[in-house]
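Worksheet: one structure, shown below.
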Amino acid sequence: MTSPVRVRFAPSPTGHLHVGHVRTALYNFLLARGRGGAYVLRIEDTDTERSTTESRRGIIEALDWLGLEWDEGPEKGGPYAPYLQSGRYEEFRAAARRLWDEGHAYPCFCTTEELDAEREEARHEGEAYVYSGRCRDLDRDEVERRLADGEPYALRFRVPPGRTSWVEPTSRGMVAFENAGLGDFVIWRRPSIDGGHPLYNFTVAVDDIAMRITHVLRGDDHISNTPRQVLIYHALGAEPPSFVHLPMILGPDRQKLSKRHGATALDEFRRQGYLPEGLVNYLALLGWSEGEDRELYSLAELIESFSLERLNKTAAVFDYDKCRHINGEQLKALPAEERARRALPYLRGAGAVPAELEPDTDGWPRLVEIIEQIADRVKLLSEYTFYVRPFYHAPTEYEEKAVKKVLGKSGARERLERGRAALAEADGFTHDALESAFRELAAELEVGLGKLIQPLRVALTGDRVGIGLFETAELLGREAALERIEHCLSFMDSHDLGA
RNA sequence: GGCCCCAUCGUCCAGUGGUUAGGACACCGCCCUUUCACGGCGGCGACACGAGUUCGAAUCUCGUUGGGGUCACCA
């Protein structure tokens, strides 16, 4: 039950990290941490044409941000290096040669044109393409001759008859494929074993064997590759690991999640103000549940609770609303000081606060207090800018509905003036002092407190929406508050409002 | 189309032979309230269908339908 586990997350550096990848990485991480095993990061860069170091850096940075720290991998090393798949080239070559020597692989001289024709015919017949096996039983002498002539070839795996199956340690259980439907697949590209490149189904097995991987957790879309990999394991005399195929994450239209559906790349979520805690929490819930009605988890709690047995097998639709909600819950759990630190880059980026504002400087406690007051009005870090901006910038215009529904109401101007007087004369410019002053004024004017407060709020912030009015005023200070009211009064005059 | 996987509210999850089928998000009311949020209360809303097994099926079996994945000398 608690046998040592070795898992890996093996992205190919050909693009951005997608939420689906993130969930796969997370589950691998959770399994390893929960069972005291090793979580390794391996970069599958054998496709030299599509792999970029920029993508690799992006992936590493993203994983870093999420807090999914790997035990072995790039920039860290480990006992089973190399962790960049391209670094294992000679080992792949040796394994391929061995397969060839032992008859598990054979050279295929078919040209691209010939193969295209085969594929074309299969499509025409409405059947799945399976390599014909034309080069499978070539005469030994002929093979020698063509090899000696330097004719280009690819290496194909000789798929044996029968069926291939494996048992997943989840409710999915056994999955089986008929070998006949697999076809002899290519493990090494042309022109030859000395010059070409090893291919995925082969490299992944060799690498996992070399790294002593015990559990392969990956997307559902890899199920059809699995029998081929199991075959390679057997041919190489190795015991296959446990395979666990995770349900897909779909878009709202139930198609595989893609850019069309909105944000999918991790950096986009980050830009939008998601917390790593929020994303991790939400993604953990997409395909797994503890079995009770709980859905708020820290990474540490997930490590504690996660188990393969509780994985579910139904594809899940990514729900942005729910993701945002979970993020909001995680945000609530953070102390104001921390929320302020995390929000700062967004605030500065939006110009809501002075560019030079830094933690632990003179202006810092005030920002923390503002953030504290905003409380759980926001769910994403980027949403703080709306509430924070008024404390650093006097309104230059007034929100449309605020003008219509507040400033435009008859008597608004008088109430605002009386409010200004109350602010000017208040004995102490604190929340409590202001509140009692306004309650008295409301009683005197025989109007609801709201009637008094609304115009003031608009004058002070430019909008009807914001934190408590008395907190707002206190945080602004008497001088700035009075100045803003003056400005608003003249705005009302020039627009003939609130008479 | 072949092969493979899957099937409970709109969405995400509970539920493993006997429940008024539960929770969360979203949505809609009401309450609280200086606005917006938060919070509280309530509502809407699902076992895809058909056979079987059983005293009894959301739960087990088979079929149908539906959805998804995959069919490269990419990963």
Side-chain angles (χ1 to χ4, degrees), chain A residues 10-15 44-47 49-51 85 108 110 112 115-116 119 122-123 125-131 152-156 171-172 175-178 180-183 185-191 196-201 203-204 219-227 245 247-248 250 252 254-256 282 285-296 312-326 328 332 374-379 386-387 402 405-406 435 438-439 442 448-454 456-458 461 463-470:
Chain A
S12 63
T14 52
E44 304 209 330
D45 59 347
T46 45
D47 184 343
E49 278 160 31
R50 298 196 307 149
S51 298
Q85 198 168 56
C108 170
C110 293
T112 311
L115 296 173
D116 284 349
R119 255 193 298 279
R123 186 176 16 224
E125 303 289 323
E127 275 165 22
Y129 166 67
V130 177
Y131 173 60
Y153 65 91
L155 219 51
R156 282 187 189 270
S171 58
R172 197 188 297 275
V175 183
F177 282 78
E178 219 50 70
L182 263 28
F185 55 96
V186 174
I187 61 173
W188 202 281
R189 295 179 65 164
R190 271 183 302 192
H197 283 279
L199 259 17
Y200 177 70
N201 283 121
T203 55
V204 76
D220 227 339
D221 50 344
H222 280 281
I223 288 185
S224 55
N225 282 142
T226 307
H245 289 99
M248 295 280 88
L250 311 175
R254 301 213 130 264
Q255 299 294 109
K256 203 172 172 178
Y282 176 67
L285 264 23
L286 229 47
W288 170 86
S289 86
E290 200 178 354
E292 41 187 86
D293 296 330
R294 153 130 91 147
E295 47 187 21
L296 248 39
N312 71 266
K313 45 189 181 178
T314 323
V317 172
F318 191 96
D319 184 344
Y320 290 92
D321 283 329
K322 180 84 178 249
C323 186
R324 186 168 169 278
H325 170 260
I326 294 285
K332 272 190 204 177
I374 293 168
D376 39 26
R377 255 166 264 255
V378 302
K379 295 188 188 327
F386 171 80
Y387 291 98
K405 301 177 116 173
V406 179
E435 175 160 5
F438 273 77
R439 288 203 182 275
L449 193 55
K451 287 279 183 216
L452 227 41
I453 280 173
Q454 283 313 307
L456 207 46
R457 178 193 302 286
V458 174
T461 68
D463 209 301
R464 296 132 70 220
V465 176
I467 66 173
L469 192 267
F470 305 123

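A quick note: this is a predicted structure, and the numbers were derived from the prediction, not measured. Reminder, nothing fancy here: chain letters follow the sequence lines and each chain counts from 1.
- In this structure, the nucleotide among B/U35, B/C5, B/C12 sitting nearest to the side chain of A/Arg464 is B/U35.
- If you check every strand for non-hydrogen atoms under 4.0 Å, A/Asn312 touches sugar and phosphate atoms only.
- Base-pair partner of B/A24: B/U11 (Watson-Crick or G-U wobble, both distances under 3.5 Å).
- In this structure, the nucleotide among B/C25, B/A75, B/G67 sitting nearest to the side chain of A/Glu44 is B/A75.
- Comparing B/U34, B/C73, B/C71 against the side chain of A/Arg457 picks out B/U34 as the nearest.
- Residue A/Arg50 places a side-chain atom within donor-acceptor reach of the base of B/C74, judged by atom type and a 3.5 Å distance cut-off alone.
- Residue A/Asp221 has its side chain nearest to B/U70 when only B/G23, B/U70, B/G68 are considered.
- Across all strands shown, B/A58 remains unpaired; no Watson-Crick or G-U wobble contact has both distances below 3.5 Å.
- Contact check, A/Arg156 against B/C73: a side-chain N or O comes under 4.0 Å of OP1 or OP2.
- Looking at the side chain of A/Thr314, the nearest of the listed nucleotides B/C6, B/C25, B/U35 is B/C6.
- The residue A/Phe470 sits close to a base: some heavy atom pair falls under 4.0 Å.
- For A/Lys256, a side-chain nitrogen or oxygen approaches OP1 or OP2 of B/U70 to under 4.0 Å.
- Picking from B/U8, B/C25, B/U34 the nucleotide with the shortest atom distance to the side chain of A/Leu449 gives B/U34.
- Across all strands shown, A/Lys332 has heavy atoms under 4.0 Å from sugar-phosphate atoms exclusively, and none from any base.
- Each of B/C13, B/C38, B/C74 was ranked by its minimum atom distance to the side chain of A/Leu199; first place goes to B/C74.
- The nucleotide whose nearest atom lies closest to any side-chain atom of A/Val186 is, among B/C73, B/C74, B/A37, B/C73.
- Across B/A75, B/A37, B/G23, the shortest atom-to-atom separation from the side chain of A/Arg377 is found for B/A37.
- As judged by a 4.0 angstrom heavy-atom cut-off over every strand, A/Phe177 is placed among residues touching the sugar-phosphate backbone only.
- Contact of A/Asp319 with B/A26 (side chain to base): no donor-acceptor pair of N or O atoms is detected under 3.5 Å.
- A salt bridge does not link A/Arg324 to A/Asp321: none of the charged side-chain nitrogens sits closer than 4.0 Å to a carboxylate oxygen.
- Of the candidate nucleotides B/C5, B/A72, B/C25, B/C5 has the atom lying nearest to any side-chain atom of A/Ile223.
- With hydrogens and angles ignored, a donor-acceptor pair under 3.5 angstrom links the side chain of A/Arg190 to the base of B/C73.
- Among the heavy atoms of the strands, none lies under 4.0 Å from A/Ala375.
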